[in-house]
Amino acid sequence: MSETSVTPCEVALSAWLAEAFTAALPEQTLANPPRVLSITNPQFGDFQCNEAMALAKAAKMPPRQLAEAALAAKPLPPMVEKAEVAGPGFINITVSSKWLAEQAAAMTSDQHLGIPQSGIGHTVVLDYSSPNVAKPMHIGHIRSTVIGNALDRLLRAQGYAVIADNHLGDWGTQFGILILGYRNFLTDDERTNLTVELLERVYVQSYNKTKEDETWMEQCRAELVKLQQGDADNLAVWKRFIDISINEFNRVYARLDVKFDIWRGESYYNAMLPGVITALQDAKLATESEGALIVDMKDEGLQVCIVRKSDGAYNYATTDIATVRSRVQDFNPDRIVYVTDERQQLHFKQFFAICGKLGYKANLQHVWFGLMRLPEGTFSTRQGNVIKLEALLDEAEARALAIVRESRPEMPEAQQRELAAAIGIGAVKYADLSHDPKGMIVFDWDRALALDGNSAPYLQYAYARICSLIDKYAAQVGKAPEANALAPETPVEKQLLLQLLQFPAAAVSASDANKPNILADYLYALAKTYSSFYQSSPVLQADEATRDSRVRLCTMTAAILRGGLTLLGIQTPNRI
RNA sequence: GCGCCCGUAGCUCAAUUGGAUAGAGUGUUGGCCUCCGAAGCCAAAGGUUGUGGGUUCGAUCCCCGCCGGGCGCACCA
């Protein structure tokens with residue numbers, strides 16, 4: 001959580017106010033520099049500081065009086081045009097547009113767009129997406145993938161060394177069922193041209209048969225045991241399931257522009273599980289109960305956690321502990337972050353606590369998000385009401401393509417399709433990223449694929465219009481606008497500058513709170529201000545100084561829109 | 001029964017983590033392309049923030065009690 005002011009503007013103002021409060025309160029020492037915030041209502045000024053209210057008790061002085069004393073104690077710094085006390089003790093600050101312009105110019109020419117590089121020297125393992133082998137990805141996978149990827153990008157933007165790990169579900173009891181189904185319910189031809197869809201079909205078929213046929217279930221178990229014991233045939237089949245699945249996942253990830261550094265599925269840790277049990281026993285954490293090996297967690301106020309089942313097999317808690325152990329050993333991360341749905345909260349609390357007791361020093365963090373469901377309830381493979389992720393992406397691109405064809409009929413087909421992909425996929429991602437992850441989502445095609453209003457295409461449209469304007473400027477004036485002098489005049493120009501300067505804070509907050517929607521909301525507000533500016537402020541027709549200044553403002557807005565959308569994993573075509 | 005989360009405009013969601021007059025989109029109503037891209041802009045209408053108390057200068061936010069909904073609570077991950 002960032003308790004201090006982030007942007008250079010806020011830091012500069014905070015430094016002045018720190019001196020002012022110190023001068024007004026010689027007896028006291030300030031614990032933290034005063035927090036300067038962007039103002040809630042523009043009619044009051046540009047920034048506000050609420051510190052007087054917080055300090056009033058300790059200072060034994062009415063907050064208003066304290067605020068006035070602080071302002072009287074030090075002269076206004078040059079960038080501050082006006083500072084006044086309002087209400088119970090707010091300090092409202094108005095700064096010069098010229099100063100804001102300088103700050104914004106510095107920020108947008110910085111390679112990190114002003115984002116503090118506080119992650120340098122720190123490693124984070126980020127565990128997200130993690131679909132199950134032999135099942136197609138469905139719309140339920142979109143949240144972990146898209147939110148996880150945005151967090152990935154946000155962390156990297158702050159200088160963290162991120163290891164994105166796709167922790168595939170590639171091991172477990174389902175493989176006995178799957179192997180037997182594969183051998184019995186497929187034609188030779190189907191086995192040759194195996195797909196994930198076929199695997200899913202045989203899984204359901206084989207699973208259903210276990211319900212009515214005891215001996216079938218036994219055979220499945222036998223196949224699983226053979227697999228676990230390293231039977232060459234079963235191992236080869238299992239490996240094939242994984243290869244085919246990964247191949248298909250990669251097709252989706254390519255469309256979503258998602259990349260992982262490592263793919264260590266559950267099977268990767270299989271050989272380490274006995275060692276985990278030994279470690280737990282050595283640490284006197286594990287005890288026998290009802291034939292199973294458990295970790296009692298009464299002290300933490302949690303349920304017991306099973307680490308070895310009564311049949312001797314390990315379960316997911318064991319695997320997850322082994323995973324942490326292995327990651328600590330291999331990467332020595334400061335933090336390990338998991339992005340999964342809300343149902344796993346208890347499980348994470350349990351095994352985080354166990355890892356703590358085992359002395360693993362990485363900071364473990366569970367970022368959970370609300371379940372996605374259909375209007376009629378949850379979906380599941382067995383109910384057969386899943387919507388495949390690829391179908392969603394196809395539909396998104398199809399809807400975008402229809403609009404592109406209408407608005408840009410002169411464009412070649414291939415280019416139209418490329419554009420439709422950027423827009424459609426962007427819309428799908430934004431629909432998710434613009435909401436607080438903790439909320440539940442009831443899936444609705446029109447909502448998931450919105451192309452107007454508060455949506456990715458709105459932001460992409462704003463960006464494309466800027467690009468187009470800059471091109472016209474370059475053609476007309478014959479110089480690049482990046483070196484133009486800034487001379488902001490109008491209120492909307494100042495508002496745009498103020499908003500541009502909030503970018504680093506938005507990015508850092510989004511990352512700290514694990515809420516990409518903070519950044520999405522910010523970008524939307526910025527694009528809205530820009531659209532308003534664009535509507536009311538002629539650029540190319542204005543006199544030379546105004547024109548040059550405004551086009552420069554446009555380039556800065558473009559830089560932030562592009563940078564911000566990239567952090568969300570959303571593309572920014574130059575023309576849409 | 002216990003635990004976690006949610007409840008904000010007709011609908012879908014925000015609210016800078018306790019700040020000023022609770023904001024957007026969508027839908028409805030009206031206006032704006034001889035002018036840099038109308039996927040846009042401007043305006044109107046729409047609220048007792050589920051409910052009852054408490055904490056304080058100040059509460060959508062924190063605490064307690066209800067009501068309504070979601071999810072999880074020993075061998076599936």
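Atom set for the values below is all heavy atoms of this structure, side chains included, hydrogens, waters and symmetry mates excluded.
Residue A/Arg399 is out of contact with every strand shown, counting any heavy-atom pair closer than 4.0 Å. Looking at heavy-atom distances under 4.0 Å, A/Arg575 makes contact with a base. The residue A/Ser407 sits close to a base: some heavy atom pair falls under 4.0 Å.
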Decide side-chain hydrogen bond (donor to acceptor under 3.5 Å, both in side chains) for A/Tyr473 and A/Asp548; before the verdict, give the C-alpha distance in whole Å, the side-chain angles of both, and the deciding distance to 0.1 Å. CA-CA 9 Å; A/Tyr473 173 88; A/Asp548 284 2; 2.8 Å; yes
Give me the distances for all protein-to-nucleotides 18-22 of chain B N/O pairs that come in under 3.5 Å?
residue, atom, partner, partner atom, Å
B/A20, N7, A/Thr40, OG1, 3.3
B/A20, N7, A/Gln48, OE1, 3.4
B/A20, N6, A/Gln48, OE1, 3.1
B/A20, N6, A/Asn92, OD1, 2.4
B/A20, N1, A/Asn92, OD1, 3.4
B/A20, N1, A/Asn92, ND2, 3.0
B/U21, O4, A/Gln43, OE1, 3.3
B/U21, O4, A/Gln43, NE2, 3.3

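Annotated as syn: B/U17, whose glycosidic dihedral is within 90° of 0. Under the 90° criterion around 0 for the glycosidic angle, B/C33 counts as syn.
With rounding to whole Å, A/Phe348 atom CZ is found 18 Å from B/C4 atom P. Between the P atom of B/U12 and the CG atom of A/Asp444 lies a distance of 10 Å, rounded to the nearest Å. For the pair A/Gln535 CD and B/C32 C1', the interatomic distance rounds to 8 Å; values are reported in whole Å. Atom pair A/Tyr461:OH and B/C41:C1' shows a separation of 10 Å (rounding to whole Å applied). Spacing between atom CZ of A/Phe533 and atom P of B/C42 amounts to 14 Å, rounded to whole angstrom units. The interatomic distance linking A/His347 (NE2) with B/A77 (C1') rounds to 8 Å, in whole Å. Look at CG on A/Asp341: it is 16 Å from P on B/C5, rounded to the nearest Å. As rounded to whole Å, 15 Å separates atom C1' of B/G37 from atom OH of A/Tyr463.
When the ring-ring contact (aromatic ring centres under 6.0 Å, His included) test is applied to A/Tyr430, no partner is found at least two apart in sequence or on another chain.
Note on A/Arg550 versus A/Glu489: no salt bridge recorded, every NZ/NE/NH1/NH2 to OD/OE distance being 4.0 Å or above. Between A/Asp446 and A/Arg399 there is a salt bridge, with a side-chain nitrogen of the basic residue lying less than 4.0 Å from a carboxylate oxygen of the acidic one. Between A/Asp432 and A/Arg143, at least one side-chain nitrogen of the basic residue sits less than 4.0 Å from a carboxylate oxygen of the acidic one, meeting the salt-bridge criterion. Between A/Lys438 and A/Asp436 there is no salt bridge, since none of the side-chain N atoms of the basic residue sits less than 4.0 Å from a carboxylate O of the acidic one.
In the set B/C5, B/G40, B/A15, the nucleotide with an atom closest to the side chain of A/Asn517 is B/A15.
Contact annotation: A/Ser509 side-chain N/O to B/U16 OP1/OP2 distance is not under 4.0 Å. Within the 4.0 Å cut-off from OP1 or OP2 of B/C13, not a single side-chain nitrogen or oxygen of A/Arg447 is found. Within the structure, a side-chain polar atom (N or O) of A/Lys528 is placed less than 4.0 Å from OP1 or OP2 of B/G25. Checking the phosphate oxygens (OP1, OP2) of B/A77, no side-chain nitrogen or oxygen of A/Tyr316 falls inside 4.0 Å. Proximity of A/Ser532 to the phosphate of B/C42: a side-chain N or O atom is located under 4.0 Å from OP1 or OP2. Taking side-chain N and O atoms only, A/Arg373 has a distance below 4.0 Å to OP1 or OP2 of B/C71. For B/G3, neither phosphate oxygen OP1 nor OP2 lies less than 4.0 angstrom from any side-chain nitrogen or oxygen of A/Lys349. Distances shown here put a side-chain N or O of A/Tyr458 below 4.0 Å from the OP1 or OP2 atom of B/C41. For the OP1/OP2 pair of B/U17 and a distance below 4.0 Å, the side-chain nitrogens and oxygens of A/Arg35 include at least one atom meeting the criterion. A sub-4.0 Å separation between OP1 or OP2 of B/G7 and a side-chain N or O of A/Lys438 is absent.
For A/Ser468 against B/G37, a side-chain N or O and a base N or O form a donor-acceptor pair under 3.5 Å. In the interface, the side chain of A/Thr173 is not paired with the base of B/A77 through any donor and acceptor atom under 3.5 Å apart.
Among the duplex regions that RNA chain B forms, those built from at least three successive Watson-Crick or G-U pairs under 3.5 Å are B:1-5 with B:69-73, B:10-13 with B:23-26, B:28-32 with B:40-44, B:50-54 with B:62-66, ordered by first number.
Nearest-nucleotide positions on RNA chain B place A/Asn454 closer to the 5' end than the other of A/Arg408 and A/Asn454. Residues A/Val304 and A/Val404 each lie close to RNA chain B; by heavy-atom proximity, the contact nearer the 5' end of the strand is made by A/Val404.
A/Thr318 and A/Asn315 are linked by a side-chain donor-acceptor pair at a separation below 3.5 angstrom, with hydrogens and angles left out of the test. The closest side-chain donor-acceptor pair between A/Glu266 and A/Thr319, if any, does not fall under 3.5 angstrom. Looking at A/Glu342 and A/Trp368, their side chains never bring a donor and an acceptor atom within 3.5 Å of each other.
Residues A/Tyr524 and A/Tyr458 bring their aromatic ring centres within 6.0 Å.
Closest approach of A/Leu500 to A/Met556, counting heavy atoms only: CD2-O, 3.9 Å.
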